[in-house]
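Here's the structure we're looking at; comments come further down.
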Amino acid sequence: MNPTEHATMSTTADPTDPATTPHHVHIPGCRTPGELRFAYLNLADHPRGVLMLQRLITAGCVPTLVIDEESALADSGRASQRAELDQVPGYEPPPLTEDLCSAHGIPRYMVPHHNDKKVAHLIQEADVHIAVLGDTRILKPFVIDSAPHGIVNVHPGFLPEVRGNNPYIWSVIHDLPQGATAHFIDPGVDRGPILLARRIQLPDGTDLPQLVHTLNDLCADIVVEALHRLASGEATATPQPDDPRLTFREARPEVRALAAKMLRERAERAEQDAIRP
């Protein structure tokens with residue numbers, strides 16, 4: 001399957017169990033993407049988050065405000081992703097957030113931490129329907145509760161199978177599905193109701209930088225589709241099962257190196273298979 005080809009996958013909801021049955025999501029007074037008011041949160045200029053923002057704006061989903069966190073966490077996350085993406089042949093980085101906001105008249109606020117009380121205040125004062133996350137830290141309940149109709153996250157992993165940090169790394173290590181998921185957040189980690197989940201099959205020869213690039217692009221597609229569904233009243237949210245599956249921690253450098261090695265070995269095996277008579 002081409003990495004840009006993907007199919008909507010069902011979640012593991014039991015239709016006989018009210019606790020995991022999909023429910024309709026209605027946002028009063030909203031019928032089109034242009035009427036959906038939302039705050040957009042990102043670690044400052046994180047490549048995946050900026051690509052998602054750019055794709056949203058292009059699709060007519062323009063945020064009411066952008067709240068960027070400038071911190072050591074933002075610096076390290078941005079540098080790590082850029083180092084991976086710069087290895088992809090032909091990669092073109094998205095514009096800077098400052099330039100996107102300036103071009104489209106979007107107010108942009110800088111905060112030292114997304115769990116700062118100022119963030120909740122900004123969201124409440126902006127009179128938004130929801131908030132949307134690019135790449136952020138785990139948010140505290142008082143921030144989650146500040147958006148009247150919830151906060152949407154796009155997780156670069158296939159939920160509920162792969163929860164936590166760096167899901168694509170752990171998917172390689174443990175041979176779990178690759179994909180991305182739009183979901184509402186709750187106080188748990190990647191356990192909120194699912195709006196949209198897509199699974200992808202990676203072509204033979206995919207290396208770690210290409211995997212990151214493919215998933216960033218998928219996340220950008222998913223956030224646009226999820227917000228279009230929410231704005232049009234077509235969205236459903238499926239509660240995740242309350243199961244004991246692991247929530248992964250951030251992958252250490254040696255774990256990332258192992259995942260990269262496993263992808264290289266997979267590519268070498270595929271190449272050898274292709275030349276065998």
### Message
Can you list everything that forms a side chain to side chain contact (heavy atoms under 4.5 Å, CB included) with T97? Sequence neighbours excluded, please.
### Response
D45, V50, L53, V66, D68, C101, R108
### Query
What are the two closest non-hydrogen atoms of L139 and L133, and how far apart are they?
CD1-CD2, 3.9 Å
#### Entry: Any donor-acceptor pair under 3.5 Å from H155 side chain to A180 backbone
no
### Message
Any heavy-atom pair between the side chains of V223 and L56 that's under 4.5 Å?
### Response
yes
### Query
Under 4.5 Å between any side-chain heavy atoms of T64 and Y40, yes or no?
no
### Query
Between L176 and L218, is there a shared hydrophobic cluster once you connect ILVMFWY residues whose side-chain heavy atoms come closer than 4.5 Å?
yes
Output side-chain donor-acceptor pairs under 3.5 Å for residues 27-37, partner residues at least two apart or in another chain, one line each.
{"unit_1": "E35", "atom_1": "OE1", "unit_2": "R31", "atom_2": "N", "d": "2.8"}
{"unit_1": "E35", "atom_1": "OE1", "unit_2": "T32", "atom_2": "N", "d": "3.2"}
{"unit_1": "R37", "atom_1": "NE", "unit_2": "D127", "atom_2": "O", "d": "2.9"}
{"unit_1": "R37", "atom_1": "NH2", "unit_2": "A126", "atom_2": "O", "d": "2.6"}

### Query
Can you say whether the rings of W170 and F248 are parallel (under 30°), tilted (30 to 60°) or perpendicular (over 60°)?
parallel
### Task
Quick one: do D207 and L211 satisfy side chain to side chain contact (heavy atoms under 4.5 Å, CB included)? Show the steps, please.
CA-CA 6 Å; D207 60 17; L211 172 58; over 6 Å; no
### Query
For atom NE2 of H113, is the number of surrounding heavy atoms from other residues, nucleotides or ligands below 6.0 Å larger than 12?
yes
### Task
Can you measure from CD (Q54) to CG (L96) and round to the nearest 0.5 angstrom?
11.0 Å
#### Entry: Contacts of A74 that satisfy side chain to side chain contact (heavy atoms under 4.5 Å, CB included) - sequence neighbours left out
L43, E70, S71, R78
### Query
Can you check whether N42's main-chain N or O pairs, donor with acceptor, with D135's side chain at less than 3.5 Å?
no
### Summary
The reported gap from CD in E161 to CG in L246 (rounded to nearest 0.5 angstrom) is 13.0 Å
#### Entry: In one Ile/Leu/Val/Met/Phe/Trp/Tyr side-chain cluster, 4.5 Å: L51, I200
no
### Task
Taking all non-hydrogen atoms of both residues into account, name the closest pair between Y168 and Q81 and its distance.
OH-NE2, 4.4 Å
#### Entry: Under 3.5 Å: donor-acceptor pair, side chain of S80, backbone of G77
no
### Summary
Rounded to the nearest 0.5 angstrom, the CG-CE distance for L227 and M52 is 9.0 Å
### Message
Using modelled atom types and a 3.5 Å cut-off, is there a donor and acceptor pairing between side-chain atoms of N115 and backbone atoms of K140?
### Response
yes
### CA sep, side-chain torsions, deciding dist, call: H114, I67, side chain to side chain contact (heavy atoms under 4.5 Å, CB included)
CA-CA 8 Å; H114 274 137; I67 307 174; 4.1 Å; yes
### Query
Same hydrophobic cluster for V152 and I123, using side-chain heavy-atom links shorter than 4.5 Å among ILVMFWY?
no
### Query
Passes salt bridge (charged side-chain N to carboxylate O under 4.0 Å, His left out), D221 versus R55? Steps please.
CA-CA 7 Å; D221 285 343; R55 199 74 60 84; 2.6 Å; yes
### Summary
Closest non-hydrogen contact found for G164 with D190 is N-OD2, 2.7 Å
### Message
Applying side chain to side chain contact (heavy atoms under 4.5 Å, CB included) to L65 and V128, what does each step give before you reach the verdict?
### Response
CA-CA 9 Å; L65 73 163; V128 297; 4.0 Å; yes
### Task
Would you confirm whether Q240, through its side chain, and G192, through its main-chain N or O, come within 3.5 Å as a donor-acceptor pair?
yes
### Query
With no hydrogens and no angle check, is any side-chain donor or acceptor of S102 less than 3.5 Å from a backbone partner on E98?
no
### Contacts of R249 that satisfy side chain to side chain contact (heavy atoms under 4.5 Å, CB included) - sequence neighbours left out
none
### Query
Does the S171 side chain pair with the main chain of P177, one donor and one acceptor, at a distance under 3.5 Å?
yes
### Query
Checking salt bridge (charged side-chain N to carboxylate O under 4.0 Å, His left out) for the pair R245/D243: CA distance, chi angles, key distance, verdict?
CA-CA 6 Å; R245 270 176 275 212; D243 58 34; 2.5 Å; yes
### Message
Starting from V189 and following side-chain heavy-atom contacts under 4.5 Å between hydrophobic residues (I, L, V, M, F, W, Y), which residues can be reached?
### Response
I138
### Task
Answer whether the closest heavy-atom distance between the side chains of P167 and F158 falls below 4.5 Å.
no
### Query
Considering all heavy atoms of both residues, which atom of A251 and which atom of N166 are nearest to each other, and what is their separation?
N-OD1, 2.8 Å
### Query
Does any non-hydrogen side-chain atom of I130 lie less than 4.5 Å from one of I151?
no
### Task
Search all heavy atoms of A226 against all heavy atoms of L196 and return the closest pair with its distance.
N-CD2, 4.2 Å
### Message
With clusters defined by side-chain heavy atoms of hydrophobic residues (ILVMFWY) lying less than 4.5 Å apart, directly or transitively, does V154 cluster with V62?
### Response
yes
### Query
Out of curiosity, does L73 fall in the hydrophobic cluster containing L41 (side-chain heavy atoms, cut-off under 4.5 Å, transitive links)?
no
### Summary
Rounded to the nearest 0.5 angstrom, the NZ-CD distance for K118 and E125 is 12.5 Å
### Query
Does some side-chain heavy atom of R198 sit less than 4.5 Å from a side-chain heavy atom of E225?
yes
Side-chain atoms of residues 256-267: list all donor-acceptor pairs with protein atoms under 3.5 Å, sequence neighbours left out, distances to 0.1 Å.
{"unit_1": "R256", "atom_1": "NH2", "unit_2": "E84", "atom_2": "OE2", "d": "3.1"}
{"unit_1": "K261", "atom_1": "NZ", "unit_2": "E265", "atom_2": "OE2", "d": "2.7"}
{"unit_1": "R266", "atom_1": "NH2", "unit_2": "L202", "atom_2": "O", "d": "2.7"}

#### Entry: pair Q178-R199: side-chain heavy atoms closer than 4.5 Å
no
### Message
Using side chain to side chain contact (heavy atoms under 4.5 Å, CB included), reason through I106 and L100 one step at a time and then give a plain yes or no.
### Response
CA-CA 8 Å; I106 304 167; L100 280 172; 6.0 Å; no
### Message
If you define the side chain from C-beta out and look only at heavy atoms, does anything of R191 sit under 4.5 Å from D186?
### Response
yes
### Task
Kindly assign one of parallel, tilted or perpendicular to the pair Y91 and H213, based on the angle between their ring planes and the thresholds 30° and 60°.
perpendicular
#### Entry: Heavy-atom side-chain contact between L195 and T181 under 4.5 Å
no
### Task
Locate the shortest heavy-atom distance separating L230 from A235; write the atom from each residue and the value.
CD2-CB, 3.7 Å
